[in-house]
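The next block holds one structure in the form of structure tokens; read it before the comments.
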Amino acid sequence: MAKYYVALAVAIVSEILGTLSLKLSAGFTQLWWTLASIGLYLIMLYCLSYTIRVVPLSVAYGVWTGAGTVFTALLGVMVFHETLSIGQIAGLALLVLGVVALNRSGESEEETEYEALQIEDEFQMDEKFR
């Protein structure tokens, strides 16, 4: 299961770097930043699609969007000298709380062996096509 969370972390980092590259591409007028952005988004899509094979979609998507939004906003402040209003800071804090609540609510449910279910589903699909 840990490898799926590593893939989620890679998806988050590549999405953040892809977004920063997108800003630096200046509307796709800077070739290398444009190519970097596209490449990083492709990595992100692959890693996220790999993650949601096993990690529940609500958890994976919540963590991915929440972490991506918060870290992108913080890097925007540090790298591009953007400013955040009190309302924006409060919104980011609420986003973090929402992701934490989403993850904590899943802990009370019965643990499901998602990886085993995925392998079983793939086996059944292979049998259908033989």
Side-chain angles (χ1 to χ4, degrees):
M1 189 74 152
K3 66 183 176 180
Y4 295 99
Y5 284 99
V6 170
L8 180 59
V10 172
I12 292 166
V13 170
S14 59
E15 188 264 337
I16 293 166
L17 294 176
T19 302
L20 294 176
S21 298
L22 186 63
K23 171 112 172 146
L24 293 169
S25 78
F28 294 130
T29 60
Q30 302 297 314
L31 177 63
W32 296 113
W33 288 115
T34 298
L35 294 175
S37 181
I38 291 168
L40 287 161
Y41 280 134
L42 288 174
I43 292 168
M44 176 273 301
L45 286 170
Y46 174 79
C47 290
L48 187 60
S49 69
Y50 180 78
T51 299
I52 61 176
R53 291 175 60 198
V54 173
V55 177
L57 181 61
S58 61
V59 172
Y61 190 73
V63 170
W64 174 70
T65 57
T69 302
V70 169
F71 286 115
T72 300
L74 294 176
L75 286 171
V77 169
M78 294 186 317
V79 174
F80 300 113
H81 307 290
E82 298 174 351
T83 58
L84 293 175
S85 68
I86 296 297
Q88 290 170 319
I89 293 169
L92 291 172
L94 288 172
L95 184 62
V96 170
L97 288 173
V99 170
V100 169
L102 180 66
N103 286 315
R104 302 244 336 134
S105 67
E107 290 177 2
S108 63
E109 297 174 6
E110 180 181 323
E111 280 292 316
T112 304
E113 185 57 51
Y114 290 101
E115 190 166 6
L117 290 174
Q118 180 64 33
I119 292 168
E120 185 177 307
D121 286 346
E122 287 176 7
F123 178 74
Q124 288 174 356
M125 288 181 67
D126 286 343
E127 290 295 315
K128 288 180 185 177
F129 293 109
R130 287 186 187 180

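What's counted below: heavy atoms across the whole structure, side chains too, no hydrogens, waters or symmetry copies.
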Mind listing the closest non-hydrogen atom pair of Val99 and Gly62 along with its distance?
-> CG2-O, 3.3 Å
Check the hydrophobic clustering (I, L, V, M, F, W, Y; side-chain heavy atoms under 4.5 Å; chains of links allowed) and say if Leu20 and Leu45 are grouped together.
-> yes
Flag yes if Val100 and Leu94 sit in one hydrophobic cluster, no otherwise; membership is Ile, Leu, Val, Met, Phe, Trp, Tyr, and two members link when side-chain heavy atoms are under 4.5 Å apart.
-> no
side-chain contact (heavy atoms from CB on, under 4.5 Å) evaluation trace for Leu102 with Val63 = CA-CA 9 Å; Leu102 180 66; Val63 170; over 6 Å; no
Which value, rounded to the nearest 0.5 Å, describes the distance between Thr51 atom OG1 and Tyr5 atom OH?
-> 9.0 Å
Same cluster for Leu97 and Ile89 if Ile/Leu/Val/Met/Phe/Trp/Tyr side chains link at under 4.5 Å?
-> no
Minimum heavy-atom distance between Ala7 and Cys47, given as atom pair plus value = O-CB, 3.3 Å
Atom CG of Leu31: over 12 foreign heavy atoms under 6.0 Å | yes
Closest heavy-atom pair, Leu22 versus Ser25, reported as atoms and distance to 0.1 Å, is O-OG, 2.7 Å
Value for CG (Leu57) from CH2 (Trp64), rounded to nearest 0.5 Å, stands at 11.0 Å
Hphob cluster co-occupancy, Ile12 + Met78, side-chain heavy atoms under 4.5 angstrom = yes
Main-chain N/O of Thr69 paired with Thr72 side-chain donor or acceptor, under 3.5 Å = no
Checking side-chain contact (heavy atoms from CB on, under 4.5 Å) for the pair Thr19/Tyr41: CA distance, chi angles, key distance, verdict?
-> CA-CA 8 Å; Thr19 302; Tyr41 280 134; 2.9 Å; yes
Counting only N and O atoms by type, is there a donor-acceptor contact under 3.5 Å from the side chain of Ser37 to the main-chain atoms of Trp33?
-> no
Pairwise distance OG1(Thr65) to CD(Glu15) - rounded to 0.5 angstrom | 9.0 Å
Can you list the steps and then say if Phe80 with Leu24 is a side-chain contact (heavy atoms from CB on, under 4.5 Å)?
-> CA-CA 10 Å; Phe80 300 113; Leu24 293 169; 3.6 Å; yes
Closest heavy-atom pair, Phe71 versus Ile16, reported as atoms and distance to 0.1 Å, is CB-CD1, 3.4 Å
Look at the aromatic rings of Tyr46 and Tyr50 and report parallel, tilted or perpendicular, splitting at 30° and 60°.
-> parallel
Could you walk me through whether Gln88 and Glu82 pass side-chain contact (heavy atoms from CB on, under 4.5 Å), step by step?
-> CA-CA 12 Å; Gln88 290 170 319; Glu82 298 174 351; over 6 Å; no
Would a hydrophobic clustering, with Ile, Leu, Val, Met, Phe, Trp and Tyr connected at side-chain separations under 4.5 Å, put Val77 with Val70?
-> yes
Least distance between heavy atoms, Leu40 atom then Ser21 atom | CD1-OG, 3.7 Å
Nearest heavy-atom pair of Ala11 and Ser14: which atoms, and what distance?
-> O-OG, 3.2 Å
